[in-house]
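Step one of this worksheet: look at the structure below.
Every heavy atom of this structure was used, including side-chain atoms; hydrogens, water molecules and symmetry mates were not.
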Amino acid sequence: MILSIENLHASYGGSLILQGVDLSVRRGEIKALMGRNGMGKTTLLKAVMGLVPPRSGRIVFDGRPIHGMDTHRIAACGIGYVPQGREVFDDFTVMENLRLGVLRNPRGRRDIPPEIFDYFPILDKRRHQRAGSFSGGEQQMLAIARALAARPRLLLLDEPSEGIQPSIVDQIAATLKAISARTGLTILVVEQNVDMILELAATCAFMEGGRVVQACDVDELRADESIMACHMSV
Amino acid sequence: MWDIGIQLLHSLNYILVLVLVAMGLVIIFGLMRVINMAHGEFFLLGAYTVVLTSQRGLGFWPGLVLAPVIVGLVGMVIEWAVIRHLYHRLLDSILATWGISIAIKQLIIIFFGPAGLMIKPPLPQSVHILGLVYPVYRLFIMGVSVAVIALTFYLFQRTDFGLGARAVIANRDMAAALGINTRRMNRVTFTFGSALAGLAGAVMAPLMSCDPQMGLGFFIPAFLSILVGGAGALSGVLVGGAVVGGGDSLISFLFSPVTAQIVVFSLAIVLIRIRPQGLVGGRRHE
Amino acid sequence: MGSKQRWIAVAALLACVLLAFAPPAVAGKKPVKIGVVLPLSGGFEIYGNLGVRGAKMAVAEINAAGGVLDGRPLELIIEDNKTDPKTSVEKAKKLILRDKVVAVMGPVSSAARDAMTPVAVKYKTPLLYGIDYEGGVCNRYVFLYSAIPDHDMDKMVPYMGQKYGKTFYVFGYDYVWPHKMTEAIQRNVDKIGGKVVGVEYTPFGVKDFTPTIQKIAKSGAKVLMLIVPGADGFTFIKQFTEFGLKDKIKIVALASDENYLTALTPQQSEGIFTALPFLASLDKPEAKDFVARQKKMFGNDVVVTWATCSHYGLVMLLKKAIEKAGTDDREKIIDNMGDLTVTVGNGPETMRAKDHHMILNMLIGKFTGGKLVVEKDLGRIVPSDQCKGKDLQ
Amino acid sequence: MSNAAARTLRAHPLALQLVILAGFALFPLAGDDYLVVELTQYLVYGIFAMGLSLVWGYAGILCFGHAVFFGLGAYVMALVSKGMVPGIGGALASGWAAMALAVAVVALFAVLLGYFLFYGRLSGPYLGIVTLAISVIAERVAIKWYYIGGYNGLTGIPPLSLGGREIIDIVPMYYLIASFAVGVYLLCRRIVASPFGTIVAAVRDNEDRAEFFGYNTAYYKIVIFAVGAAVAGLAGALFAVVTEFVSPTMIGFGMSTEVLIWVALGGKEVLLASFLGALLVRAMESFLSDVLTYYWFLILGLFFVACVMFFPRGVFGRLLAARPMATGAKAGGAGET
């Protein structure tokens with residue numbers, strides 16, 4: 001078990017959003033986190049990253065409790081984070097964005113791993129262009145590449161498919177799946193796009209009212225439409 | 001010939017000093033979203049470091065080296081004791097640093113007395129350039145200012161530290177999520193910004209008589225330069241400094257120092273009102 | 001910060017306030033109190049400190065000789081007006097109403113004096129002013145132990161015009177004294193057929209005078225009348241020297257005195273002129289004796305200037321007036337203050353009853369070789385009647 | 001007694017308010033002349049502090065140059081009552097007319113300034129720095145403008161007269177100023193407690209949300225800014241009458257800093273707390289500063305920092321809060337925009 005969250009409570013903007021979340025992700029697993037808007041999915045990722053201070057409960061990563069730690073020390077434990085809306089640094093070039101990903105490594109080991117450019121060749125071609133000039137899909141790839149640059153063991157993704165054409169979504173899903181298969185990267189992805197989930201994830205969990213209410217394998221999901229309907233319909 | 005040459009040199013001199021003072025201020029404001037109202041008093045501490053070393057017989061040069069170090073340390077302590085608790089309370093950081101500026105001013109009065117103090121000029125010679133007599137020391141000040149400004153630009157544009165700092169300026173949370181220690185970055189930035197103010201004070205000290213009230217005289221034009229130029233990018237300080245500093249010295253010559261201050265401040269306020277994001281543009285920091 | 005600590009903090013603060021309102025305790029034999037409102041900060045502190053030392057020496061000598069009115073000691077209560085008129089008014093009121101002083105001595109700037117005068121008149125307390133000024137004050141409650149244009153400018157302008165050239169530039173602080181002195185200078189320059197080629201005023205606290213220095217250099221003036229005393233004046237002279245203009249243009253620094261020797265380097269003070277009723281280097285027995293007494297009381301490196309003498313003289317005049325009046329009643333003291341003569345540092349000096357101004361012996365001084373020496377002894381000068389015939393209202 | 005005044009008195013612990021009122025009413029009988037003169041001046045500073053409390057505490061506008069309005073009121077009062085304003089003489093130059101004119105001029109100036117500032121969406125730090133620069137400019141202009149006395153300022157400002165008799169003696173002057181203080185306090189309480197005041201508090205707490213409800217926030221900020229300025233202008237005019245002297249230091253940056261400290265220490269969110277803050281700091285300054293000399297301002301500066309960090313509601317703020325803050329104990333105090 002690489003990441004386990006036990007009875008996590010957290011508030012954001014003055015209101016209590018996470019009301020006792022229990023979730024665990026096994027090493028190398030790709031888990032999707034689903035649920036209607038406002039169920040606390042994004043807040044959960046932010047809580048794991050320490051961007052939202054948890055009120056109570058535990059978060060253990062690779063055997064080490066990380067709840068309450070500073071965000072930068074959580075990241076240094078080997079967690080990559082791709083926020084909702086990607087948040088690439090528009091004014092910086094592709095190389096500068098990627099270099100930011102490795103800044104946390106000690107001075108000697110700050111070169112960007114070559115395989116990043118194999119995963120996303122487009123970044124290699126336009127490496128000195130401003131990230132702001134990229135399309136939504138390209139920016140998403142850059143954000144993921146930036147998170148992978150420090151070779152994290154866990155990657156958190158917040159709605160990567162948002163605002164991106166389907167072809168790129170499939171491409172990203174395939175690439176992530178290949179990376180995870182080859183490097184044992186664990187991925188927790190918050191996502192609404194069913195196709196992506198079916199393509200990428202192995203297991204999934206549903207959140208409602210600030211808690212994880214159900215977990216299942218993606219195959220069950222594929223078979224039984226009703227699960228999806230009850231949790232996702234508005 | 002006499003006046004155009006001197007006028008240009010004087011304007012350049014005042015602009016560079018203003019930019020040197022404003023540089024520290026804009027880094028702190030840009031990166032930490034903190035307005036350091038005590039920046040003028042850091043300038044003051046730098047000047048009085050040189051006064052102290054002169055009084056103790058060590059002379060000017062050790063003071064010039066010591067000033068940024070001492071004032072940087074003072075900045076670090078203040079960041080740790082006060083600023084650290086006020087990151088998300090911008091207005092309170094203005095008031096808290098304002099209180100600190102009052103305290104520092106009084107400490108200077110207690111240790112050095114309220115009267116103006118002079119120090120022996122380190123480079124008393126004058127030099128003949130463009131057919132006119134110009135003090136060597138003012139050329140030295142310009143040299144130091146240009147060097148430090150260039151160093152700061154290099155540090156922020158070309159180094160890993162600079163990249164990290166600019167990232168924190170652009171998006172603090174994302175930078176933290178990438179593993180950048182934003183708290184250490186704040187401490188380093190505040191220390192560096194304070195050291196710059198200390199250096200500016202030390203450099204200017206021999207030119208004039210130092211008195212405990214002089215901090216404000218440099219703080220307000222420096223801050224207006226930032227607002228006029230735009231706090232978004234470092235280059236904003238250069239543009240703002242040129243407008244405020246150039247305007248002040250030009251009007252001082254054409255009319256009088258009193259008129260200059262009134263006109264330049266009023267111009268700055270109108271500019272800030274029309275272009276809140278500053279002449280250089282970029283997102284307005286709110 | 002629990003609420004308990006807050007309550008303790010609030011209680012402590014209120015206790016301080018109540019303590020502060022407690023009336024001051026009464027000392028032994030009832031002293032005759034003299035209030036002093038002089039700048040100990042804010043720009044004119046160099047003159048304030050001189051005045052305080054002059055007054056302190058006078059009081060010490062008077063008390064040593066048995067005080068006034070059958071043995072009552074004189075007591076100085078000193079307040080810092082921070083060179084600012086508003087603070088001067090507040091401190092004057094405090095001295096008169098709370099400390100019940102028989103007279104208020106000070107301030108330095110004409111601005112502060114004009115602000116304090118209505119307070120002296122309202123509360124009927126004599127104001128003893130000891131600094132050279134622009135002349136023209138005619139007030140029953142104000143006594144001026146001061147050199148005025150009749151003493152200095154009327155002599156200085158012809159002297160400089162004849163010796164160095166008749167084109168003048170005036171540069172001064174932006175308040176009443178420099179403005180009025182400019183008028184006096186203009187009057188005298190016209191009288192000798194000279195020309196004032198430029199006049200400029202500056203606020204307090206300017207740190208870089210290059211634009212002004214530029215204008216002076218360009219104006220072709222031969223003599224600069226500098227009316228910027230104190231710290232800003234040092235900054236100006238320092239920068240003026242660095243621009244190499246000191247040998248081309250002679251400086252007359254009004255109100256400059258021995259303080260300039262400690263603040264400026266010999267190279268910076270070289271060749272500057274001043275007009276004062278007293279110089280520490282004056283070769284007269286009373287001058288040597290006065291300087292020796294100051295050194296005995298305040299240490300060997302104490303600076304002694306005309307401002308020390310004028311405030312010493314004021315206390316001596318006050319003592320004589322109290323003795324003559326036989327009471328510490330302020331109105332009677334005022335009536336007896338006129339036509340008294342004292343010798344301090346440069347011959348007999350008389351306070352005239354008709355306009356409360358002084359008849360003084362004047363000197364032209366020059367800064368040279370790191371010393372301030374007598375350039376010319378102008379002897380006894382009787383100023384014109386500052387009340388111009390009207391009686392003192 | 002009008003409805004609002006009754007409600008405010010009920011809202012306050014009645015005993016506390018009456019005690020303070022009685023204390024001030026009886027003070028002249030106990031204190032000697034000097035203390036009464038000093039307290040009269042502190043009462044004027046108290047009114048000035050209430051003006052800033054309205055703008056900063058209730059409307060969340062950090063005005064770093066509030067002394068501009070105080071000084072302007074003093075100067076207009078002095079110039080008009082000394083008949084130095086061409087075209088305004090005779091009856092109009094009488095004390096009371098001059099005072100009304102002073103308040104009107106200050107209010108008008110504040111409206112213009114407010115329009116300039118708030119429609120430019122200047123807020124928070126930018127507003128602070130711009131108002132600071134404005135107070136420095138005002139001081140420079142006052143020093144340079146020789147007609148209005150320049151650096152020397154103006155003396156000999158005629159006193160007010162009531163029923164034919166000039167109010168010049170110490171005790172009548174005290175009661176005149178005290179009655180103004182009570183009047184201004186009740187007026188401000190009425191404004192704050194009114195529907196208008198509630199909207200202003202809403203604008204302070206969350207300007208965007210107030211805007212969503214259709215309130216033109218700039219308009220409300222300008223009005224409260226003008227009211228706070230007018231109160232400061234009135235204080236300035238009273239100060240000119242009490243001290244018979246006006247000088248550039250009253251309009252500049254120094255005085256702006258002092259009032260900021262009084263209100264911060266007293267408690268910016270509660271009018272009475274700001275008022276008492278001014279009295280407390282000025283009283284301690286006058287009596288302790290000759291004991292502590294230079295150390296006094298050092299202590300004041302550090303105490304100011306402590307107040308900003310730990311006591312956002314000031315020394316008296318919590319003590320005198322009329323009702324528990326409507327918005328609950330929000331972190332960071334009310335001044336956050």
Would you mind checking which part of [X] comes under 4.5 Å of any heavy atom in chain B, side chain (CB onward), backbone (N, CA, C, O), both or neither?
X	value
K238(C)	side chain
D174(C)	side chain
E242(C)	both
L264(C)	side chain
F44(C)	neither
T212(C)	side chain

Review point. What's the spacing between R138(B) CZ and D208(C) CG if we round to 0.5 Å?
Key: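 Rounded to the nearest 0.5 Å, the CZ-CG separation comes out at 4.0 Å.
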**Study point:** Interatomic distance, T210(C) atom OG1 to N13(B) atom CG [nearest 0.5 angstrom]
**Key:**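 Reported to 0.5 Å precision, the distance equals 7.0 Å.
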Practice item. Please list, in residue-number order, every residue in residues 207-222 of chain B that has a heavy atom less than 4.5 Å from any heavy atom of chain C; write 'none' if there are none. Key: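 If one takes a 4.5 Å heavy-atom cut-off, the residues of residues 207-222 of chain B near chain C are L207(B), M208(B), S209(B), D211(B), M214(B), F218(B).
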Around atom [atom1] of [X], are there more than 12 heavy atoms from other residues, nucleotides or ligands closer than 6.0 Å?
X	atom1	value
W80(B)	CH2	no
K366(C)	NZ	yes
Q55(B)	CD	yes

What residues, two or more places apart in sequence or in another chain, satisfy side chain to side chain donor-acceptor pair (under 3.5 Å) together with [X]?
X	value
N36(B)	none
S252(B)	none
Q268(C)	T265(C)

Exercise for review: Find out whether S126(B) and F243(C) are in side-chain contact, i.e. whether some heavy atom of one side chain is under 4.5 Å from a heavy atom of the other.
Suggested key: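 Side-chain contact under 4.5 Å: no.
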Point to revise | Side-chain touch Q7(B)/Q214(C), heavy atoms, less than 4.5 angstrom | key: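 Of all side-chain heavy-atom pairs linking Q214(C) with Q7(B), at least one is under 4.5 Å.
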Review point. If you count heavy-atom pairs under 4.5 Å between each of G113(B), P206(B), S11(B) and chain C, which one has the most?
Key: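 That would be P206(B).
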Review point. Checking K215(C) side chain against F255(B) main chain: does a donor-acceptor pair fall under 3.5 Å?
Key: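 Pair found, side chain donor or acceptor close to backbone of F255(B).
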Practice item. Take F253(B) and K218(C), measure what side chain to side chain contact (heavy atoms under 4.5 Å, CB included) needs, and give me the verdict at the end. Key: CA-CA 11 Å; F253(B) 174 63; K218(C) 221 158 66 77; 3.9 Å; yes
